Protein chains: 2
Amino acid sequence: MLSKSCVYALRAIVYVGHNSSENHKIGIKEIGEELDLPVHFLSKILQSLVKHNILQSTKGPHGGFYINEVSGKIKLLRIIEVVDGLSFFHKCGLGMHECSDTHPCPLHDDFIVFREGLYKIFATKTINDLVKKVEDGNAFIQNLNTKN
Amino acid sequence: MLSKSCVYALRAIVYVGHNSSENHKIGIKEIGEELDLPVHFLSKILQSLVKHNILQSTKGPHGGFYINEVSGKIKLLRIIEVVDGLSFFHKCGLGMHECSDTHPCPLHDDFIVFREGLYKIFATKTINDLVKKVEDGNAFIQNLNTKN
DNA sequence: ATATAAAAAGACCTAAATATCTTTTAATAT
DNA sequence: ATATTAAAAGATATTTAGGTCTTTTTATAT
């Protein structure tokens, strides 16, 4: 449903939110290692988040990624929008072009419940909400003795 | 969520269920044209459904695809299983290896509602259910003046 | 100013999903 | 038996997602 890029983005941003501050930035290498994600690929993804002002970064010594006040309040949906686009939340589950409430495909009424439920979750929760969850003990860092 | 292959499979099988009988089989060409799907690609997908006894076919003149009593009662989940596999319904929405009710990722509790709801739909509805929906007027054939 | 450290950018590679084209096999009608 | 028709099977091409490697830019500390 969410692409790998998108999931990587979410996990990385939560890691940064959880571990960084204005004067302690997190390097891409650390993020990749801790989350067991491909560093260079992740780097591209974070670049794009930075461009969209969802994440902050600075270059040079002691540089790295961090997150500011404003970014913490960004909704997960915004990240999905930037990385994957929002078509998932609009398009027909059976791939029909002309599927809608008035002209529904045979699965429309069933699908729509879940599509909209998910939408609401993503449209409501913020990065900070996830960071808080992690601070309250939710799983987050990949178990070290397993691999994708 | 469902791959194109899977969605093609569902639509094709409903088309066949709706239009075929023991003595009127439907050719792959007709299916492809009516549903506006790539014929040869669809052909592969249907081949696999036939192999798994989800769909019936015969070769030769007046051959084609059809659906028998038993197949009509097959659950949508079975088609998904054959085409895409069922990993979607088990794996973590944030791609964590070790995500579970007792060791949940920060989105686990939200995701699981949606995943299980969808699962129940697919595990309950049969091909015949969709065919009936279509016969009751649900959208199904692609609008002819739109293209993917 | 210079060296250094770290992200940004660019070029490239790989694998999987999707799609097309060709040949073979198997029913059926003649 | 033979011709014909349609699916099955095989080979190949294209596109997209995912991933790696190298070079450039920029901030910082010395």
Side-chain angles (χ1 to χ4, degrees), chain A residues 1-13 15-16 20 22-33 35-67 80 82-85 87-88 95 147-148, chain B residues 1-9 11-13 16 20 22-33 35-67 80 82-85 87-88 95 147-148:
Chain A
M1 186 209 18
L2 302 181
S3 69
K4 283 197 180 188
S5 297
C6 195
V7 155
Y8 293 177
L10 289 169
R11 302 220 347 249
I13 222 172
Y15 183 84
V16 172
S20 79
E22 258 319 324
N23 57 353
H24 177 61
K25 290 152 193 166
I26 312 290
I28 187 71
K29 241 180 103 180
E30 177 184 334
I31 305 172
E33 273 163 21
L35 302 184
D36 194 23
L37 300 179
V39 172
H40 295 286
F41 185 45
L42 183 60
S43 158
K44 300 283 172 192
I45 298 164
L46 297 194
Q47 253 176 62
S48 131
L49 295 181
V50 168
K51 236 183 251 159
H52 286 91
N53 250 291
I54 292 169
L55 181 66
Q56 283 67 50
S57 72
T58 56
K59 297 180 173 183
H62 304 118
F65 296 91
Y66 62 103
I67 212 168
I80 295 172
V82 162
V83 180
D84 282 350
S87 69
F88 172 83
K147 279 275 164 194
N148 284 59
Chain B
M1 183 208 21
L2 303 181
S3 70
K4 282 196 181 189
S5 296
C6 195
V7 155
Y8 292 179
R11 302 222 345 250
I13 222 173
V16 172
S20 79
E22 261 314 329
N23 56 353
H24 178 62
K25 289 150 194 167
I26 312 290
I28 186 73
K29 240 180 104 180
E30 177 185 334
I31 305 171
E33 275 163 20
L35 301 184
D36 194 23
L37 301 179
V39 172
H40 296 286
F41 184 46
L42 183 60
S43 159
K44 300 283 173 193
I45 298 165
L46 297 195
Q47 254 176 61
S48 132
L49 295 182
V50 168
K51 237 181 250 156
H52 286 91
N53 251 291
I54 292 168
L55 182 65
Q56 284 67 50
S57 72
T58 56
K59 297 180 172 183
H62 304 118
F65 295 91
Y66 63 103
I67 212 169
I80 296 172
V82 162
V83 180
D84 282 350
S87 69
F88 172 82
K147 281 275 164 192
N148 282 61

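Values reported hereafter were calculated over all heavy atoms of this structure, with side chains retained and with hydrogens, waters and symmetry mates removed. No experiment lies behind these values; they were computed from the predicted model shown. So you know, we letter chains A, B, ... as the sequences are listed, proteins then strands, and number each from 1.
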_Side chains of A:L46 and A:L49 in contact at under 4.5 Å (non-hydrogen atoms)_ = yes
*Where do B:G95 and A:V7 come nearest, in terms of heavy atoms and distance?*
N-CG1, 4.1 Å
*Nearest heavy atoms of A:V16 and A:Y66, plus distance in Å*: CG1-CA, 3.5 Å
*Report the residue from B:L2, B:L42, B:I13 that forms a side chain to side chain contact (heavy atoms under 4.5 Å, CB included) with B:Y8.*
B:L42
*Along nucleotides 4-11 of chain D, 5' to 3', which nucleotides get a B, which get an S, and which get a -, given that the test is a protein heavy-atom distance under 4.0 Å?*
BBBBBBBB
Measure [atom1]/[X] against [atom2]/[N] and give the value in whole Å, please.
X     : N      : atom1 : atom2 : value
A:I31 : C:dA8  : CD1   : P     : 10 Å
A:K25 : D:dA27 : NZ    : P     : 11 Å
A:L49 : C:dA8  : CG    : C1'   : 14 Å
A:I45 : D:dT20 : CD1   : P     : 11 Å
A:L42 : C:dA7  : CG    : C1'   : 12 Å

How many angstroms lie between [atom1] in [X] and [atom2] in [Y], if you round to the nearest 0.5 Å?
X     : Y     : atom1 : atom2 : value
B:Q47 : B:H52 : CD    : NE2   : 12.0 Å
B:K25 : B:I67 : NZ    : CD1   : 14.0 Å
A:K4  : A:I45 : NZ    : CD1   : 11.0 Å

Quiz: residues 56-63 of chain B side-chain donor-acceptor pairs under 3.5 angstrom, not counting sequence neighbours:
residue	atom	partner	partner atom	Å
B:Q56	OE1	B:N68	N	2.9
B:Q56	OE1	B:S71	OG	3.1
B:Q56	NE2	B:S71	OG	3.0

Tabulate protein N/O versus nucleotide N/O from nucleotides 14-18 of chain C, keeping only pairs under 3.5 Å, one per line.
residue	atom	partner	partner atom	Å
C:dT18	OP1	B:K4	N	3.3
C:dT18	OP2	B:S5	OG	3.3

